[in-house]
Enquirer: 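If you scroll down you'll find the structure; I have some questions about it.
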Amino acid sequence: MLLAALSGALAVGAGAFGAHGASGAAAEWLKTGGQYQLIHAVATLIALRLDARGPGWLFVIGSAIFAGTLYLMALGAPRWFGAITPIGGAMLIAGWLWLAWIAARGG
């Protein structure tokens, strides 16, 4: 729960910086990272409430990789970091599929 809450706070900060303090591609990367990270912070809290820790961890780690690489590029890291971003996205998708599997099993 702590990581989900901190993730949500970071997402809001990144989105605000993207909207008001950055421009061009950096602004878009910050907004996109913030949006995905915030959605998955909430999804993590819901997964924890449903006692679905596995999907929750995938949401936390996946959003850290997905949003983190976008944030790093926005702050000047090399563009090849963008090649790492889809790994985080794949983890987010896996978290949703795992959560769906849990729901389909009635759990």
Side-chain angles (χ1 to χ4, degrees):
M1 189 178 301
L2 172 65
L3 292 176
L6 293 173
S7 183
L10 180 60
V12 173
F17 183 56
H20 303 290
S23 61
E28 291 304 312
W29 291 330
L30 289 165
K31 288 181 202 176
T32 300
Q35 179 181 8
Y36 275 73
Q37 189 173 17
L38 185 58
I39 289 166
H40 288 90
V42 173
T44 300
L45 294 173
I46 292 169
L48 291 174
R49 181 78 170 124
L50 298 172
D51 200 28
R53 293 182 187 270
W57 276 110
L58 284 176
F59 293 151
V60 168
I61 296 167
S63 65
I65 293 170
F66 182 87
T69 54
L70 293 176
Y71 299 160
L72 289 171
M73 288 190 310
L75 296 172
R79 300 241 354 210
W80 63 260
F81 270 69
I84 301 169
T85 307
I87 295 169
M91 292 178 81
L92 296 175
I93 293 167
W96 285 110
L97 292 173
W98 191 352
L99 194 58
W101 181 70
I102 291 169
R105 287 187 28 225

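Since the structure is predicted, the reported quantities are computational estimates derived from the model, not experimental observations. Heavy atoms only: backbone and side chains are in, while hydrogens, waters and symmetry mates are out.
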Enquirer: Which pairs count as salt bridge (charged side-chain N to carboxylate O under 4.0 Å, His left out) when at least one residue sits in residues 76-86, sequence neighbours excluded?
Expert: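 For residues 76-86, and leaving out neighbouring residues, there are no salt bridge (charged side-chain N to carboxylate O under 4.0 Å, His left out) pairs at all.
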
Enquirer: Write out all pairs satisfying salt bridge (charged side-chain N to carboxylate O under 4.0 Å, His left out) with one or both partners inside residues 92-104, taking only residues at least two apart or from two chains.
Expert: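 Every candidate salt bridge (charged side-chain N to carboxylate O under 4.0 Å, His left out) pair involving residues 92-104 fails, so no pair, neighbours aside, qualifies.
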
Enquirer: Is there any salt bridge (charged side-chain N to carboxylate O under 4.0 Å, His left out) pair reaching into residues 29-45, and which pairs are they, with sequence neighbours excluded?
Expert: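 Sorted pair list: Glu28-Lys31.
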
Enquirer: Spell out, yes or no, whether Ile39 and Met91 are grouped together once hydrophobic residues are joined by side-chain heavy atoms under 4.5 Å, including indirect joins.
Expert: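 Cluster IDs for Ile39 and Met91 differ.
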
Enquirer: For residues 13-22, tabulate all N or O donor-acceptor pairs below 3.5 Å that involve a side-chain atom, not counting sequence neighbours.
Expert:
none

Enquirer: Any pair with a residue in residues 66-76 that passes salt bridge (charged side-chain N to carboxylate O under 4.0 Å, His left out), sequence neighbours left out, goes on the list, sorted by first then second residue, please.
Expert: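 Those involving residues 66-76 do not exist here.
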
Enquirer: Please report the closest heavy-atom contact between Met1 and Leu45, naming both atoms and the distance.
Expert: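 Closest approach of Met1 to Leu45, heavy atoms only: CG-CD2, 3.7 Å.
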
Enquirer: Under the ring pair (Phe, Tyr, Trp, His ring centres under 6.0 Å) rule, collect the residues that match up with Tyr36, sequence neighbours excluded.
Expert: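 Tyr36: ring pair (Phe, Tyr, Trp, His ring centres under 6.0 Å) contacts with Phe66.
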
Enquirer: I'd like a table of donor-acceptor pairs (distance under 3.5 Å, sequence neighbours excluded) in which one partner is a side-chain atom from residues 52-62, with atom names and distances.
Expert:
none

Enquirer: When rounded to the nearest 0.5 angstrom, what is the spacing between CG in Leu75 and CG in Leu70?
Expert: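 CG of Leu70 is found 11.0 Å from CG of Leu75.
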
Enquirer: Closest heavy-atom contact between Pro78 and Met73?
Expert: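 Looking at all heavy atoms of both residues, the shortest contact is O-CG, 3.7 Å.
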
Enquirer: List for me each residue that meets side-chain hydrogen bond (donor to acceptor under 3.5 Å, both in side chains) alongside Thr85, sequence neighbours excluded, and say none if there are none.
Expert: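 Thr85 satisfies side-chain hydrogen bond (donor to acceptor under 3.5 Å, both in side chains) with Thr69 once adjacent residues are dropped.
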
Enquirer: Return each pair, listed once, that meets side chain to side chain donor-acceptor pair (under 3.5 Å) where at least one residue sits in residues 89-100; pairs must be two or more places apart or across chains.
Expert: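 For residues 89-100: His40-Trp96.
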
Enquirer: When hydrophobic residues are tied together by side-chain contacts of less than 4.5 Å, even through go-betweens, does Ile84 share a cluster with Leu10?
Expert: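 Cluster IDs for Ile84 and Leu10 differ.
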
Enquirer: Under the side-chain hydrogen bond (donor to acceptor under 3.5 Å, both in side chains) test, which residues partner Trp101, sequence neighbours left out?
Expert: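 Here no residue qualifies.
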
Enquirer: Any idea which heavy atoms bring Gly33 and Ala67 closest together, and the distance?
Expert: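 Heavy-atom minimum between the residues: O-CB, 3.5 Å.
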
Enquirer: Sequence neighbours excluded, which residues qualify as side chain to side chain contact (heavy atoms under 4.5 Å, CB included) partners of Ile46?
Expert: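 Scan of Ile46 (side chain to side chain contact (heavy atoms under 4.5 Å, CB included), adjacent residues dropped) gives Val42, Leu50.
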
Enquirer: May I ask you to check whether Gln37 and Ser63 show a side-chain donor-acceptor distance below 3.5 Å?
Expert: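 On atom types as modelled, these side chains do not qualify, holding no pair under 3.5 Å.
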
Enquirer: Check the hydrophobic clustering (I, L, V, M, F, W, Y; side-chain heavy atoms under 4.5 Å; chains of links allowed) and say if Leu48 and Leu92 are grouped together.
Expert: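 Shared cluster, no.
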
Enquirer: Could you check whether any side-chain N or O of Tyr71 sits under 3.5 Å from a backbone N or O of Ala64, counting only pairs where one atom can act as donor and the other as acceptor?
Expert: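 Judged by distance alone, no pair lies under 3.5 Å.
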
Enquirer: Side chain to side chain contact (heavy atoms under 4.5 Å, CB included) with Ala74: which residues, sequence neighbours excluded?
Expert: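 Partners of Ala74 by the side chain to side chain contact (heavy atoms under 4.5 Å, CB included) criterion, ordered by chain and then number, come out as Ala26, Trp29, Leu30.
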
